[in-house]
Amino acid sequence: MELTGTRLIAAPREVVWTRLNDAATLKACIPGCEELTGSPEEGFEAVVKQKVGPVKATFKGFVTLSDVKPPESYRIAGEGKGGVAGFAKGGADVRLTEVPEGTELSYAVDAKVGGKIAQLGSRLIDSFSAKMADAFFENFKNEVEGGPADKA
């Protein structure tokens, strides 16, 4: 499954880049994220609870950044295992472009699932994946426009 989109963020590109690499910001933006630890250099470990159709699962996984070109672009990739529910893996190519209104964030997401979740059918999975990606990038836009990463 592939998905592309853009968000216009009313903030300078350097601010958006910093927040894209901030564990607290990412944790706040990932739907269902209960834990996110690590760093951009070493990667992040995450615990995410999600319900896909009738299947509820807690995914434990690892997220890495590659092809890093500050403050312009990177690839974020992750894989999570949800026990009997199966696994999910995927990534996103993220690009930041300066525009008069702030920063345009564009993304191209690819995702794959396996196990019990994959048996739910591609239409449900594609819809869920699109909803998750959309929620993450909308949450990210709201977090960045809402103020600094260390806000109380």
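Count residues from 1 along the sequence.
Scanning all heavy atoms of the two residues, the minimum distance from Gly38 to Ala23 falls at O-CB, 4.3 Å. Here the closest heavy-atom approach between residue Asn21 and residue Phe44 is recorded as O-CZ, 4.2 Å. When all heavy atoms of Leu36 and Ala46 are compared, the closest pair comes out as CD1-CB, 3.6 Å. Scanning all heavy atoms of the two residues, the minimum distance from Leu8 to Glu145 falls at O-OE2, 3.7 Å.
Under a hydrophobic clustering in which Ile, Leu, Val, Met, Phe, Trp and Tyr are joined whenever their side-chain heavy atoms come within less than 4.5 Å, directly or via other members, Leu26 and Val109 fall into the same cluster. In the hydrophobic clustering of this structure, Val94 groups with Val68; members are Ile, Leu, Val, Met, Phe, Trp, Tyr whose side-chain heavy atoms approach within less than 4.5 Å, directly or through other members. The hydrophobic clustering, which links ILVMFWY residues whose side-chain heavy atoms are closer than 4.5 Å, places Val63 and Phe87 apart. Side-chain heavy atoms closer than 4.5 Å link hydrophobic residues (I, L, V, M, F, W, Y) into clusters, and following such links, even through other members, never connects Phe62 to Leu65.
In summary, of the residues considered (Phe136, Phe137, Tyr74), a ring-ring contact (aromatic ring centres under 6.0 Å, His included) with Tyr107 occurs for Phe137 alone.
A donor-acceptor pair under 3.5 Å is formed between the side chain of Thr103 and the backbone N or O of Ala11. Judged purely by atom type and a 3.5 angstrom limit, Glu138 has no side-chain atom pairing as donor or acceptor with the backbone of Ala133. The backbone N or O of Lys69 sits nowhere less than 3.5 Å from a side-chain atom of Ser73 that would complete a donor-acceptor pair.
Here Asp93 contributes atom CG and Asp110 contributes atom CG; the two are 7.0 Å apart, rounded to the nearest 0.5 Å. Rounded to the nearest 0.5 angstrom, Leu96 CG and Leu105 CG are separated by 5.0 Å.
With 3.5 Å as the limit, one finds no donor-acceptor pair spanning the side chains of Ser66 and Arg75.
Listed by chain and number, the hydrophobic cluster partners of Leu120 are Val52, Val55, Phe59, Val113, Ile117, Leu124, Ile125, Phe128, Met132, where partners are ILVMFWY side chains within reach of under 4.5 Å, directly or through others.
Considering only residues two or more places apart in sequence or on other chains, Lys27 meets the salt bridge (charged side-chain N to carboxylate O under 4.0 Å, His left out) condition with none of them.
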The test is side chain to side chain donor-acceptor pair (under 3.5 Å); show your working for Arg19 and Thr25 and say whether it passes. CA-CA 6 Å; Arg19 299 295 293 274; Thr25 300; 2.8 Å; yes
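Between Lys131 and Asp126 no salt bridge is recorded (no basic side-chain N to carboxylate O distance below 4.0 Å).
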